[in-house]
Each structure stands twice: as structure tokens, then as C-alpha cells.
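Okay, so here's the structure we're looking at.
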Amino acid sequence: MHHEHGTHSKQTSQVAHDRPDVDGASNRELGHSSHTHHATHAGAHDHHQGHGGYDAHDAHASHEEHGGHDAHAGHGGHAGHAAAFERLFWISLILSIPVLLYSEMLQDWLRFSMPEFTGSNWIAPVLGTVVFVVGGRVFLEGGVQELRDRQPGMMALISLAISVAFITSLLSTFDVLDLEFWWELVLLIDIMLLGHWLEMRAIGQASDALSALASLLPDDAERVRDDGSTESVPVSEVVEGDRLLVRPGGRVPVDGTIVRGEADLDESMLTGESRPVARGEGDRVVAGSVVAGSSIHIVADAIGDDTALAGIQRLVAEAQQSKSRAQALADRFAGLLFYVATGAAVVTFVVWTLLGDIDNALIRTITVLVISCPHALGLAIPLVIAMSTSASARQGVLVRDRRALERMRTIDTVIFDKTGTLTEGEHEVSGVAAVTGNDDDVLAIAAAVERESEHPLAWAIVRAADARSLPIPDATSFESVTGRGVAATVNGDSVAVGGPRLLQERNLSIPSALKEKEAAWADRGAAVLSVIRDNEVIGLIALEDQVRESARIAVDQLHRRGIRVIMMTGDARNVAEHVARQLGIDEVLAEVLPEHKSGEVERLQRQGRKVVMVGDGVNDAPALTTADVGLAIGAGTDVAIESADVVLASSDPRAVNSVIKLSQASYRKMVENLWWAAGYNLVAIPLAAGVLAGVGFVLPPAVGAVLMSVSTIVVAINAMTLRRLDLSPEGDGEPTATPAPVPA
């Protein structure tokens with residue numbers, strides 16, 4: 001490249017700026033090193049492979065991952081449990097129907113009778129025992145495992161309740177007790193199985209995001225041979241360096257770089273943005289994106305577990321398995337509830353026995369055990385985690401640390417890196433001035449020379465001329481003046497474009513008519529290039545890193561939430577303040593070296609502020625780690641950034657507001673679920689114990705089981721509403737006021 005830079009490739013051009021009038025912060029092109037961090041997450045897949053080929057009874061019965069419901073957070077495998085519990089439920093229900101029909105108590109209540117025959121009195125005991133063994137086995141084995149782990153919880157309570165019910169029914173069958181309890185036993189087991197089935201199905205839906213991501217990859221790739229012909233090969237056989245052809249409508253099989261062709265690509269699976277983006281030679285593409293318009297040739301540079309898509313899967317898995325403060329509270333409460341429930345059951349049995357009613361003592365005790373199962377409590381937080389992380393991943397918000405996400409709702413300060421976050425990260429023409437004549441003539445002449453250049457500033461000038469539909473004359477004898485600019489012959493005239501060093505070399509100076517304009521541009525940090533024709537300066541062109549329009553909206557959204565917005569950059573203060581004025585930034589921290597950024601974050605934290613740092617995850621890594629929450633923005637092709645708590649796959653700064661919305665919504669659902677689950681137990685246990693028996697109100701065990709399952713369903717439905725959460729940048733509406741851009 002040529003504007004006082006020499007010749008550079010597209011990838012490195014923006015890091016080579018040594019001119020004081022070019023935004024030196026454009027180091028972002030150093031960018032995300034090609035997935036160097038992905039390997040550290042390789043083991044994350046293991047968590048999601050735990051229950052792959054799950055058998056109906058055994059896997060969930062052992063419930064090693066279910067103790068206290070800890071593992072609900074990572075219930076990837078539980079998606080397969082739904083079918084197992086569904087099968088058990090229907091088997092038990094079918095076996096339960098004769099038990100219910102031949103229950104004398106139900107016949108008396110519902111005023112019907114069933115035909116009697118020899119052995120009909122054994123229908124309930126025999127089928128009830130089968131239901132207890134077949135349908136209840138999963139709970140019994142789970143309860144035993146919890147007791148072995150010394151973490152009694154939901155499964156221990158359920159197994160205790162159905163064991164007491166079974167023993168009571170068995171003793172009654174042999175006239176030791178006078179309780180007909182088989183119908184309530186089978187109904188209790190049926191309802192418990194139904195509750196587990198619905199739970200597993202809900203969690204399976206939450207984990208569908210991972211399966212959906214995996215399905216985005218094609219099975220085969222079209223590899224280009226040395227002679228130009230193609231062959232279809234399994235994606236698993238593609239190696240780094242292979243050249244692949246991706247046709248229109250096809251999915252990119254691996255991460256790679258386009259080496260021929262250009263096309264629009266749908267990257268919504270990665271960024272959450274539905275609008276296709278244009279990609280051409282030299283641009284990177286990611287596995288799973290869809291090619292539209294024309295075919296492209298790519299060279300594979302990341303395959304298998306090293307692709308961005310695999311990184312997203314790992315982050316979703318890790319987030320669903322991560323613990324939150326609310327989860328820790330729920331786990332402690334669930335463990336405590338086992339002891340509360342068993343204690344309440346003992347007290348209930350003793351009191352009713354002392355009252356001389358042994359039948360009610362047994363019924364009330366069983367009801368207490370049934371109704372106090374912490375099923376809803378164990379599901380309250382994990383299902384919210386699963387739903388929120390999978391829903392957000394589909395919209396380009398990838399959560400690595402649940403606790404950091406919970407902190408997001410309390411933040412009061414957001415620090416943005418400037419280049420590439422609040423600005424586009426590439427220069428655009430912001431002003432043209434001619435000594436005499438038309439500004440468009442100056443721009444067209446400059447574009448004629450620059451059209452042969454590969455420098456980003458040259459591209460910006462050509463783009464500006466095309467945008468104005470200017471006729472660009474032909475240029476000949478193009479040459480690069482290393483470190484100074486470019487030169488060519490245009491319409492027979494010798495034309496050169498360059499900065500201060502080119503002027504010095506030719507003993508030229510800025511014409512007096514343009515000095516004021518040049519000073520104003522330079523003062524706000526613009527790169528000012530001189531257009532020289534026949535050794536005479538005929539005009540100036542100013543180029544600046546343009547402010548993102550979405551950044552204006554993002555700052556306004558945060559202000560409406562009462563959040564202070566700070567911009568931190570290594571740029572000169574005049575450059576930073578110019579950008580800040582356009583966006584309405586509250587405070588500017590300029591000329592801050594990367595190694596000092598974390599110190600600025602600590603200074604704000606010592607002032608009592610809750611700080612979010614938003615950066616690209618590379619130069620800002622120390623600050624991202626130090627902040628209360630670190631957000632890596634625009635990290636779509638390197639989602640395994642170690643320094644960030646939340647990774648935003650798109651480059652839209654409005655996504656910061658989306659993370660706040662996600663934090664508030666998921667926390668609200670956690671609180672609602674905890675209140676419902678805990679409050680339900682506080683009310684239900686006394687009722688189950690029979691405190692209102694004196695006024696004629698008693699709660700049968702089967703009704704208690706229904707109420708327990710209803711509470712679980714309520715919690716599940718409440719969590720599943722997060723699937724409708726709109727995290728798109730447009731979801732919060734447009735700003736009430738947009739600062740007017742500073743005129744050129």
C-alpha cells in the first residue's frame with residue numbers, strides 16, 4: 001500500500017499505519033488468532049455425551065447426575081430421557097386403569113361398580129405391585145443413589161413416599177391394616193412419571209440448540225483436485241489446506257478463506273443477524289453459513305472441533321452446565337427440604353397416632369412426603385439456565401459464565417473500546433476540498449490513481465467516487481512511492497496522492513485557501529491526503545474511521561437505562577473526543593495503552609461502580625478479565641475467547657443492551673420460579689399434614705401428587721417463556737434522540 005505506508009497486503013495494512021494523522025488504533029486487524037483457544041475447550045463436548053444411548057430405567061434411575069438436581073444445568077443427555085419416561089408412563093398408566101376401576105373407594109365416590117369374578121380382589125395388589133416395581137424402580141434406585149451420595153433430595157423423598165404407600169397397601173391386603181391404598185400408589189407413580197416426562201421434554205427442547213447447531217454442517221464437501229475437477233468427500237476427510245467448492249444454496253462445511261469468487265452469505269446461525277453479508281476474496285467464512293448468489297472457492301483453515309460452530313456448541317454446553325448463585329441457593333434448599341419433609345412426616349405420624357387414628361396417621365404421613373418433593377425447586381433454576389443460554393445462542397449472544405450474566409443486570413457503567421466497536425474500524429471519505437473548481441473533480445482524479453492501489457485508504461476513495469456516481473478517468477504508469485503515496489498519469493497529467501511526507505519530498509505545502517479546513521480535519525484525527533497535479537496541490541481529501549450508526553442507538557439505549565457510558569482508546573484525545581461528541585459518550589479515556597486499560601477498570605471499580613468492558617477480546621483481554629463482566633464483541637469467528645464472560649458473535653454494539661435484557665429476564669424467571677417452588681412447599685406441607693382436618697379439609701396423597709406435579713409444570717412453563725425473548729438489536733426500539741453528526 002502506498003499512502004506513506006509502502007506496499008502491504010489487505011490483512012496487514014491496517015496495522016502498519018505509522019502516520020500521526022491515521023487512526024493508530026486500528027490494530028484490531030491483529031484480531032482473533034485463528035482459533036488458538038479452541039483446543040482448550042475440546043473436553044467440553046464430553047459433558048454432552050453422557051447419556052447418549054440411554055435405557056429406559058437404568059440411567060435416570062441411578063440419577064448420579066440428578067442428585068439435588070445439580071446436573072439439570074447440563075441436561076444435554078436428558079433430552080433422550082423423555083422417551084424413556086414417556087414409555088414408562090404409558091405402561092404404568094395402562095396397568096393402573098384396572099387398579100383404579102376395581103378400587104372400592106373410587107367405586108363408592110363415583111357411584112359405579114365393576115363385575116366381580118374369582119381372583120378379581122387380587123387385581124389391585126398384583127397390578128399395583130407391578131407398577132411399583134416397573135414404574136417406581138427409577139425413583140427407588142435414584143433415592144438409593146442420593147442416600148449413598150449423602151445428598152438426599154427429590155428422588156429420596158419420592159422413593160420414601162411410594163415405599164411407605166406400597167408397604168401400607170401390602171399390609172392392608174393381608175389384613176394387617178385396614179387401608180385400601182393401591183389406587184393411590186399407582187396414581188402417585190403415574191403422576192411422578194408424567195412430571196418427569198414433561199421435565200425431560202422441556203429440558204430436551206432447551207438443549208435442541210446444540211442439535212440444531214450440529215445439523216447445520218453438511219455431510220459432504222466438494223473438494224477441488226489439482227486439475228480443477230471436483231470430488232465429493234465426507235466432511236470428516238477434509239484437512240486444513242484443502243480447496244473446496246461451495247455452490248449457491250450450499251452450506252460451508254468448514255471454516256476457511258475465500259480464494260475465488262464472491263457471494264452473499266447467511267451467517268445468522270452465528271451472529272443472529274438475518275441479513276446476508278457480502279464476502280469476497282480474502283474474506284473468512286465459517287462452517288454452517290449458507291452461500292447465495294454464486295459459488296465460491298475456499299481454502300480450509302479450521303475443521304472439526306476447531307470451527308467457530310463447534311466453539312459455539314462448547315460455549316452453550318458450558319453455560320448450561322455452569323452454576324449460578326440462585327442455583328446454589330436452590331440446591332441448599334432442596335437438600336434442606338428432605339430433612340424438613342421427613343421431620344414433618346414423623347411429627348405428623350406421631351400426632352395422628354396419639355389422636356388414635358392410625359389410618360389417618362399413615363395417609364397424612366405419605367401425603368406430606370409426596371407433596372414436599374422438591375421437584376419444582378430442583379427444576380426452577382436449571383431450566384431457566386438451559387432456556388436462556390440456548391435462546392441467546394440462537395441470537396448470537398454466547399454466555400460463558402452464568403454468574404457474570406447475573407451480574408449484568410446490576411451494572412451501572414459500560415466501557416467501550418473505540419475502534420471496531422463504536423466505529424467501523426475502517427476509513428471512509430469524510431470530506432473533499434478543492435483549491436478551485438469542483439470537489440467531485442478532485443475526488444474523481446484521486447480515485448483514478450487509487451484504483452490500482454490495494455491500501456484501505458485507496459479503497460475508501462474509490463468507494464466514495466462510486467457512491468457519487470462519478471466518471472473515473474483511466475490512469476496509466478501507476479507507481480507506488482514507498483512510505484509516501486501513489487502516482488500515475490491521468491489524462492496526460494502527472495497526478496500523485498499522499499500525505500505530509502509526499503509534500504515534504506516535493507517541497508510543497510497546503511494552499512492557504514485550504515489550511516483552515518486541513519487544520520480542522522487534522523484536529524479531529526482525520527487522515528488528510530493531498531491531491532497533487534503537475535506538482536501543484538489541487539485539493540485535499542479527509543478520511544476517518546466512521547462511527548457506527550448502531551453505536552448511536554446503543555449509547556442511547558444504555559442512557560435510557562441510567563447507565564454511564566465511557567469510551568476507552570489508545571487514540572489521541574482529539575480523535576477520541578470527536579467520536580464521543582457524535583455519540584453522546586459521558587466520559588473519554590484517551591491515549592490508554594492496552595496494558596493500562598485494566599488499571600482504568602480497577603479505578604472505576606474502586607469508586608464503587610459495576611463495570612462492563614466491551615472490546616474485541618484481543619488487545620482488551622486484561623480489561624475484559626478485570627471488569628465485573630467482560631463482553632467480547634464482533635468475535636463471530638473466534639467464539640472461544642478465554643478473557644470474556646459473554647461473547648457477542650456480531651459486531652453490533654446494541655448487543656450490549658441485549659445482554660442486559662437477557663440478564664434481567666433470566667434473573668426474573670429464576671426469582672419467580674424460586675418463589676413459586678419454595679412458597680408452594682411452605683403452604684402445601686401443613687395442608688398435607690392435616691392442619692385443616694378439624695374443619696373437614698383433608699388432602700388425599702394422590703391429590704398431593706397432582707399438586708406437586710402441577711407445581712413442576714408451572715415452573716417449566718414459566719422458564720420456557722424465555723424462548724420467546726427477543727434479543728435482536730432492534731428489539732429495544734429506536735432511540736428517542738440521535739446526536740447530529742459533526743459536519744465535514
Side-chain angles (χ1 to χ4, degrees), residues 271-273 315 319 322 324-326 384-385 387-417 421-422 548 550-568 583-587 601 604-605 608-615 617 620 623-624 626-635 644-672 719 721-736:
T271 64
E273 297 175 355
L315 288 182
S322 66
S324 68
R325 291 186 180 88
V384 171
I385 291 174
M387 288 293 176
S388 62
T389 51
S390 60
S392 62
R394 288 195 300 270
Q395 301 183 63
V397 179
L398 308 172
V399 179
R400 295 188 68 243
D401 186 344
R402 283 296 314 180
R403 297 197 177 201
L405 182 63
E406 289 181 26
R407 290 195 295 271
M408 194 70 187
R409 67 186 179 84
T410 66
I411 59 104
D412 55 26
T413 303
V414 173
I415 302 176
F416 282 102
D417 177 46
T421 301
L422 296 177
R548 294 181 187 271
S550 57
R552 304 179 196 274
I553 301 173
V555 172
D556 189 78
Q557 288 173 337
L558 294 172
H559 281 161
R560 289 205 301 266
R561 293 183 180 275
I563 295 172
R564 183 174 180 80
V565 181
I566 298 174
M567 182 175 69
M568 182 160 58
L583 297 176
I585 299 288
D586 299 308
E587 182 180 348
V601 173
L604 291 166
Q605 290 173 326
R609 306 197 75 84
K610 302 294 185 181
V611 181
V612 172
M613 177 68 200
V614 184
D620 303 309
L624 288 169
T626 303
D628 294 279
V629 181
L631 270 67
I633 193 168
D645 301 307
V646 180
V647 178
L648 307 176
S650 75
S651 297
D652 194 330
R654 291 178 295 177
V656 177
N657 187 64
S658 299
V659 179
I660 297 175
K661 287 197 294 183
L662 174 64
S663 175
Q664 292 177 336
S666 59
Y667 185 81
R668 182 170 60 250
K669 292 300 178 185
M670 286 182 184
V671 171
E672 289 171 357
T721 59
L722 285 171
R723 300 179 73 184
R724 301 197 302 267
L725 183 63
D726 181 12
L727 296 179
S728 63
E730 298 81 9
D732 201 42
E734 294 298 317
T736 54

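When a residue number appears, it is its place in the shown sequence, counting from 1. As the structure is a prediction and not an experimental result, all values here were calculated from the model.
- Listed by chain and number, the residues in a side chain to side chain donor-acceptor pair (under 3.5 Å) with D412 amount to none (sequence neighbours excluded).
- Heavy-atom minimum distance, A623 versus V601: CB-CG2, 4.0 Å.
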Exercise for review: Take R560 and D556, measure what salt bridge (Lys or Arg N to Asp or Glu O under 4.0 Å) needs, and give me the verdict at the end.
Suggested key: CA-CA 6 Å; R560 289 205 301 266; D556 189 78; 2.4 Å; yes
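- Taken to the nearest 0.5 Å, the CG atom of L604 stands 8.5 Å off from the CZ atom of R564.
- Looking at heavy atoms from C-beta onward, F416 lies in side-chain contact with V656 at the 4.5 angstrom threshold.
- The main-chain N or O of D726 is found under 3.5 Å from a side-chain atom of K661 such that the two form a donor-acceptor pair.
- What you find for R654 and S550 is that their closest heavy atoms are CG-O, 3.3 Å.
- P653 approaches R548 most closely through the heavy-atom pair CD-CD, 3.9 Å.
- Here the side chains of V612 and M408 are in contact, with some heavy-atom distance below 4.5 Å.
- No side-chain donor-acceptor contact under 3.5 Å links D586 to the backbone of I566.
- Closest non-hydrogen pair, D417 versus G615, comes out as CB-CA, 4.0 Å.
- Rounding to the nearest 0.5 Å gives a distance of 11.0 Å between CZ of R409 and CZ of R668.
- When side chains are defined from C-beta on, I585 counts as touching L422, because their heavy atoms get closer than 4.5 Å.
- Residues A404 and D628 come closest through the heavy atom pair CB-O, 4.5 Å.
- The heavy-atom pair separating V555 from G584 by the smallest distance is CG1-O, 4.0 Å.
- Between Q557 and I660, every side-chain heavy-atom pair lies at or beyond the 4.5 Å cut-off.
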